[in-house]
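Take a look at the structure set out below.
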Amino acid sequence: MTGEPDVASGKGAPGRAQLYIDENLVGQAEVPVTTPLMLGLTSEVTCGSAPGAPVTPDYQPPFEFTGKIYSVTVDVSGKLIEDKEAETRMVMARQ
């Protein structure tokens, strides 16, 4: 969570999604608005497949991962893990 929610307007808090592989930050994205209080009746958190609509035409659902996943951790504590090195790389890439 990087800001406050506006639940009265149906908007959750902004935040940052972070993807780690073997404890290494490999990707992150700013999420301007989250869904307040719940994922919803048709939403879910998935790991190992992408059953919904694809975000790119490069693959077709369910696009299942064929490797082995040993563990998954979903941290909803709200504590933001900052990666200053990645932020510097993003700033440099924009120049």
Output, in order, the C-alpha distance, side-chain angles, deciding distance and verdict of side chain to side chain contact (heavy atoms under 4.5 Å, CB included) for Leu25 and Gln18. CA-CA 7 Å; Leu25 181 64; Gln18 297 177 316; 3.7 Å; yes

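The 12-atom threshold is not exceeded at CZ of Phe63, counting heavy atoms of other residues, nucleotides or ligands nearer than 6.0 Å.
With rounding to the nearest 0.5 Å, the separation of CD in Glu30 from CZ in Arg16 is 4.5 Å.
When all heavy atoms of Pro14 and Pro32 are compared, the pair lying nearest together is CB-O, 3.2 Å.
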